[in-house]
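Some notes on the structure that comes next.
Ligands are counted one by one from 1 in listed order, and the atoms in each one are counted from 1 as well. Not measured: the values here are computed from a predicted model.
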Amino acid sequence: MQVIKTKEYAEMSHVAGVIAEGLIRQKPNAVLGLATGSTPLGLYAHLVKAHQQNGLDFRHVTTFNLDEYLDLPKEHPQSYHTFMEENLFQYVNISSEHIHFPDEDYDAIEENAEAYDARIHRAGGIDLQVLGIGRNGHIAFNEPAEELAFFTSRVTLTPSTREANARFFSSVEEVPTHAVSSGMGTILQARHLLILANGEDKRDAVSRLLDGHTLTTDCPVTFALMHPHVTLIVDEAAAGC
Ligand code: PGA
């Protein structure tokens, strides 16, 4: 695992942005795995700027988002469809046919757990998977539990995650209780994992990853230790130094 320690959020985002931009320039039909949440906002701003000012071309790029809430219309201001539209897609020349979210396969996933994963596979697999870390160590909505799902599936959000996400809703009760999330296998099959973490509340999860000794379903991000190509970019607050 390559660990890049940065001073603060802006530098973390810049370094991540340079990596993602470099991939798209080198492989114009790159397949990106995308995350939502506050963490990747600076990375998406970098990509928008690269498109608007330096001609970064998204025409042949394909994206697969990690997760989406269930029981929230995709037009809802807090849906991940809306998040991606507002922070990246509306500003770049990506084709709507190349954008994928797991909830669109929800019926198929109910019948066949491998549906979303099969679609990723047909697209050639994910070249670069962007990941934030939950303060409880989750990746996508793979919450700490005795068992973790391999394929994309319907998940129940933990109180800690609903509380963390309540800042985007008017109350914690409004945060959906369920989501559809890429599984651990879905994520770990990406060719390169780009994990970003900033801020003190990520320190515990980051230290379990940096410690590098234990894989535990109690902290799902530790499974990234199994992956041959991981870049972890952290700021000082998350790294604890
Ligand atoms: P955040 O969420 O980027 O808003 O901190 C990360 C996550 O929950 O995976």
Suppose we call two aromatic rings close when their centres sit under 6.0 Å apart. Are Tyr91 and Tyr44 close by that rule?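 They do not qualify: ring centres at least 6.0 Å apart.
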Subject >> ligand 1: protein residues within heavy-atom distance under 4.0 Å >> reply: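 Shell around ligand 1 (4.0 Å, heavy atoms): Gly37, Ser38, Thr39, Gly132, Ile133, Gly134, His138, Arg167, Lys202.
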Between the NE2 atom in His81 and the NE2 atom in His76, the distance rounded to the nearest 0.5 Å is 14.0 Å
Contacts of His121 that satisfy side-chain contact (heavy atoms from CB on, under 4.5 Å) - sequence neighbours left out
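For His121, no residue satisfies side-chain contact (heavy atoms from CB on, under 4.5 Å) once neighbours in sequence are set aside.
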Problem - side-chain contact (heavy atoms from CB on, under 4.5 Å) against Glu200, all qualifying residues, sequence neighbours excluded - result: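 So Glu200 forms a side-chain contact (heavy atoms from CB on, under 4.5 Å) with Arg203.
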Quick note, ring-ring contact (aromatic ring centres under 6.0 Å, His included) partners involving residues 199-226, not counting sequence neighbours, are none
Salt-bridge present (Lys27, Asp127; N to O < 4.0 Å):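 Salt bridge between Lys27 and Asp127, a charged N being under 4.0 Å from a carboxylate O: yes.
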